[in-house]
Every structure is written in C-alpha cells, then in structure tokens.
Amino acid sequence: MATKILIDTDPGVDDTMAILLALRSPELEVVGLTSIFGNTSVEVTAQNALRLVELEGHDSLPVAKGASRPLARPLRQPGTHVHGEDGMGGTHPPPPHGKLLPMPAAQFIVEMVRFHPGEITLVPLGPLTNIALAVLLEPGIVSLVKEVVLMGGSAYARGNATPAAEANICNDPHAASIVFRAGWPLTMVGLDVTTQTVMTPEYLDDLGKAGNPATELIHKITPHYQAYFDQFYGMKGSIHTHDPSAVACVIDPSIFGTESMPVYVETEGRCAGETVPDRRRQWLDEPPVKVCLGVDSTRLLALIKERLTS
Amino acid sequence: MRRFWIDTDTASDDAVAILMALRWPGVRVEGISVISGNVPVEMAGKNARYTVELCEAETPVYLGMPAPLLRKPSYAYFFHGPDGMGGMNYPEPERPFAAGHAVDALTRAIRELSGELELVTLGPLTNLAAAFRLAPDLPKKIRQCTIMGGAAATLGNITPAAEFNIWVDPEAASIVFHSGMPILMVGWENCRGEANLDEADRDLVRSFGTKYADFTLDCNATATQTNQEWLGDPGLALPDPVTMAVALDPEVCTRRSSHFVDVETQSELTRGMTVVDELGVLKQPPNAEVCWSIDPARWKEALYKVLR
C-alpha cells in the first residue's frame, strides 16, 4: 500500500522537483500540500503548490495556505535570489485554476493526521512553522503521525543561509526546535547528504529531453537556480539536490545512511538555526532523531530521473 | 449591544471577571476561550464553565492552547488554590465544552463580527498569538482588546520586572502587542493597594446575600490570604475584574496614553517585562494604550452592581 504523505513546502525550484517526484511515484500517495513562506512569500508558494498539482492532473488534491512569517523571530529575506520572485525561476507561469482550502495549513495538518491516525508521513521542505503550529494547537498529533522526513538542517556540513545554519531551519529556529523535540520518529535530510548529490548540466539536459509537462517545467525554471549555484559556489551549471532527497528518502530509505542521535536547534543569536548533533549524548534533554549522513548519489539521481522522465 | 469575547486562564479572579461581563447590561459575551496559565487549560475550562452555569448563561466555552508557544507551562496554584478556586472544589458543570478548538472559534467570531468584537484577555496571550499567526487578517478586524497583563511601571509580581500573564508566555505577548490591533493594557500596578477589597468592602459584599457575592468571596479565599503573605498587600486583589471593569466602563480608567510597548523575550532576569516607551525615545509608532490609574470607587461600584 502506498505511503500517505503530506508535503509542507515553499516552491521553489527544488520543491517543484520534489513535489513532481512525489506525485509521480507509485510508492507514495500525496494527501495534500501545505504552503509556507521561505523561498518566496506564502502567497506565491501557495499558488505554485496549486500549479504543481494541476500540472500533474491532481486537480482535486487539497492545498492549504500556511504561515506568512516565523513563530517568534522576524521574517528573514525570502530566497527569491535563489528561486526567483515567483519561486519559479522568474518564468511567471499562468495562474492556477484551483482554490486554496478555506483553513490554515496547521489546522489542515491536524485534521488530516487525525483522519488517518498512524498513517501520515509529514514531509516538510521549508521552514517548520506550520508543523510547529499544528503541534502547538494539538500536541496529540505527535503520536498519530507515522513519521516526519524533513529537508533541513546540517549536522556536520555547516550552513548555507548563514555559516552556521541551513535555510529552512534558519528561517524559523523556534519552530524547528519544537519539531525536533516533539518526540515523533523524525529523519533529518540535511546538507550533509543534499550537497553530496550533484545534478550536472548534462543530467538536467537529459531530464529536459523527456518532453513531458513535468520535465518541461523543470527545464524552464532551473536556469535561474543554476545561475545562483554558479555565482555562490562556482558550480558551473550544477546544482545540489535538496528537496528531492527528502521525498526520495520516503520512497526508498535504503538510499541513505543514517545515524540516530539527538539534534539541538539553536534558537538565539548569530548561530540561530544551527542544528548541533549530540553524537556522544552529552546533552541529555533532546530525543534522538535519524540524521542522514551518507547517500548513494548514483541511485538517488537514477531514481529521480526514472520517475520524472517516465 | 456590545459584543465581547473573553480569553481566560480561569481561576478565582477570572471567574469574577466573567461573572461581571455575563451580568453587565448591554453586553453579550459571544464566547469564552480558555488558556493554560493560572491552572492547566482543562481546569481553567471547568472553572469557566462552572461560572457560566452559576450565571445561568449559555455562553460557549472553548478549550484552547495547552501550553505556551515556546516555554513550559507555569501555574499559579499557590495563589489561587489547588483547584484554582480557593479549594472550594465546585462540582463538575453539566454543559460540556463547546465543540472545536478555541483558536478556531475565536478566529470565526472575529471574522463574523468584523469591526465589532471587543476582546478582554485575562491570561497568557497564547490563544491570540496562535490565532494571529494562523490568520494574519484578524488584528485589523478587532474593535478593541483590553489586556490584563504587564506592568507599565515595572512593578512585577511573579518577578520584580514582570507580571504573571506576560511572563508565562512572553513570545505570545510580543506577537500580540505587535499585531496592530487596538490594545488597552491594564497593568498589574492598577490592581493592588486601594483597588483591593479591604475587610469593610468584603463585609459589604457578603451583606448582599446573593450567590454571586458569596461566590466572589468564597473562590477568592486563598487569593486573599496569599496576597497578604506573598506580596504584603492586604485585602483581596482582583486584577481580572478590575480589567473587566475598565472594558465595561471605560471611565474606570482615569489616565491613559498611547505608547510603544515592547515585551522582553530574551533575558532571564527581565523575562516578560513590558517596556513602555513613555517619553517616546525610541521614535517608534505607539502600539498600545496604557492605563496608568483607575478610580477605585468606580471600579468597586461596577463590581457591586453585578453582585447585588
């Protein structure tokens, strides 16, 4: 039976790849999308989420709009320099036809989890504000969620949004702290693995050649993203594989090597958003989470290509 | 008809404030949302429902957030007694909680009565903060919010710098104070000393011989004693009813002015301090009105009016 997943997302170029990967994978049943600020504003990411479900013909899939800002800290600069003002690499696709659910994302998450007790895997691909709000509203959902597999954080690879912090955690460290401490089964798919898997220009060209709506969209929106990676990391057209890694980790966890350890999220000061692995368990107050430290990049890239081009 | 909503961590003084609103002519209380604060949220809800039944009202009581946004809960049993009601151990009310989450119910009420609803908050501000994060359109739809909380004169009770409601969930208070809704802050310093019911006042209340008068004194027995022992402040302090009196009868507040008010969330020493920029040195636009003083006789008259 397919794994029910609820994707919380700020699309976003790599979110787009991840959502399309999920929608095109028979192992997964996407039960809804919830949007969040991050790569761009929540208004835009909500529209993009609608666009993506329509692109794949899942017009009836529910999409709920989420938080427009972090729980307690001020809103940071959005990631529009990476993803474009429209979160779609500046390509400004036509508006979606569908409507957003008339309830906030956190409430939708609570209702879905309660409706499918023990069955839902939450897959957060952006800042964790919606997930934290859901836990705050109804702490009981923690024991009803099957697991959380999130893209975010960095155990040993340092940060990207700041020298200390990965962008999703940095955007709302308080929310991340709530989610990491909740006590549910949680897998952190962070920069330790996502930066090890590189999509080259040749790989991206191959995707584009498939000529289906999914790969055509990816082909259109990726150049802006590639330009950022070149400017910031000198990657000459290659990109890291962030959000698709988290979805792939739900499809086939064997692609990743994990280690269980507590992860402390710093919430204050210059290092806010840092995810500190407590491998030797010197701090005893955090529950352990699974941290992805190794990845079979060849298999991961093959899986993504197979699903997107088929 | 004025439309009210009460957000409360119902213990003894909250209960009297609820009673005042329910019995005040020309006011309809649309709903009561309970919050973790003086006591755990379920206990607060029981106390609120008991109070509603005592008043022979049918106001829906909604269960709210079980804990502060980022902090562990801190209760005030020491002040209000083990049941929050002076150890009176009132029976379980007959009517259950209204269906749905308090944050959702509050959100719907604010939207349905856009521009009309007046909020009175008597506890930590977690429900409001959660609602505002979930629905950013809410603050501009609220007519007025009267907050029992803070200490404009830095006269704290739970610490020297902070009043309990703000101290319990300073992050929520910060969200609420910066939300842009019209706020009147009734700080704790207005609710002590001359505002307290002294022995003669309490004798007068007892002489009314009504169930409301007896309830007010009985459920606040622990509070009366603790106020003396803990703060050296003789008499029965009723911060929530004072605040409710200001909301019901604005003339109870005798001096008010608008300022930039910020809430300390980082420090341990001054956690939850409400920093009022009285002289405007920060050059920030005002975000709250501060009640600096009240007319004790007028507040007590408001109370007596509903207890008689």
Side-chain angles (χ1 to χ4, degrees), chain A residues 34-37 41-43 46 64-75 100-111 113-114 127-142 172-183 265-270 272 285, chain B residues 33-36 40-42 62-73 99-108 110-112 124-140 169-180 262-268 271-272:
Chain A
T34 51
S35 71
I36 183 73
F37 71 92
S41 74
V42 71
E43 280 73 25
K65 190 170 89 169
S68 57
R69 50 167 303 172
L71 281 184
R73 286 175 69 93
L75 186 63
L100 297 165
L101 287 178
M103 71 171 80
Q107 197 183 344
F108 175 65
I109 293 168
V110 168
E111 291 193 5
V113 169
R114 283 178 156 177
L128 293 159
T129 319
N130 290 335
I131 314 292
L133 280 167
V135 172
L136 291 169
L137 283 170
E138 292 293 348
I141 67 165
V142 168
D172 194 347
H174 290 107
S177 179
I178 289 168
V179 171
F180 274 74
R181 282 180 167 172
V265 181
E266 178 58 56
T267 57
E268 305 296 344
R270 194 171 196 176
D285 51 351
Chain B
S33 49
V34 293
I35 183 66
S36 170
V41 67
E42 292 85 2
Y62 299 92
L63 201 52
M65 304 283 282
L69 292 180
L70 307 179
R71 317 257 180 173
K72 292 193 170 62
H101 198 291
V103 170
D104 190 32
L106 175 61
T107 300
R108 277 186 280 115
I110 292 170
R111 286 180 176 158
E112 279 164 22
L125 293 161
T126 322
N127 281 338
L128 267 67
F132 293 174
R133 277 293 177 268
L134 291 167
D137 60 305
L138 298 183
K140 64 176 187 298
D169 195 345
E171 286 79 14
S174 175
I175 289 169
V176 167
F177 272 87
H178 296 299
S179 67
D262 211 343
V263 180
E264 175 60 54
T265 58
Q266 306 290 308
S267 159
E268 285 183 42
R271 162 184 171 179

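Here the structure is a predicted model, which is why all the values come from computation and not from measurement. Reckoned from all heavy atoms, side chains included, excluding hydrogens, waters and symmetry mates. Labels below follow one simple rule: chain letters A, B, ... track the order of the sequence lines, proteins then strands, and each chain is numbered from 1.
Closest non-hydrogen pair, B:Leu134 versus A:Ala106, comes out as CD2-CB, 3.5 Å.
Here B:Pro66 is the residue among B:Pro66, B:Pro136, B:Ala135 with the most heavy-atom pairs under 4.5 Å with chain A. Counting heavy-atom pairs closer than 4.5 Å to chain B, the top residue among A:Ala67, A:Gly66, A:Ala175, A:Pro70 is A:Pro70.
With a threshold of 4.5 angstrom between heavy atoms, A:Ile178 approaches chain B through side-chain atoms but not through N, CA, C or O. Only the side chain of B:Leu70 comes within less than 4.5 Å of a heavy atom in chain A; its backbone stays farther off. Neither the backbone nor the side chain of B:Asn127 comes within less than 4.5 Å of any heavy atom in chain A.
Expressed to the nearest 0.5 Å, how far CG of A:Leu137 lies from OG1 of B:Thr126 amounts to 11.5 Å. From B:Thr107, atom OG1 reaches atom CE of A:Met103 across 12.5 Å, with rounding to the nearest 0.5 Å.
Within residues 171-179 of chain B, the residues that have a heavy atom under 4.5 Å from a heavy atom of chain A are B:Glu171, B:Ile175, listed by number.
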field: Worked check of side-chain contact (heavy atoms from CB on, under 4.5 Å) between B:Asp104 and A:Gln107
entry: CA-CA 9 Å; B:Asp104 190 32; A:Gln107 197 183 344; 3.4 Å; yes

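Listed by chain and number, the residues in a side chain to side chain donor-acceptor pair (under 3.5 Å) with B:Arg111 are B:Asp137 (sequence neighbours excluded).
B:Arg133 places no side-chain N or O within donor-acceptor distance of the main-chain N or O of A:Asn130, the cut-off being under 3.5 Å.
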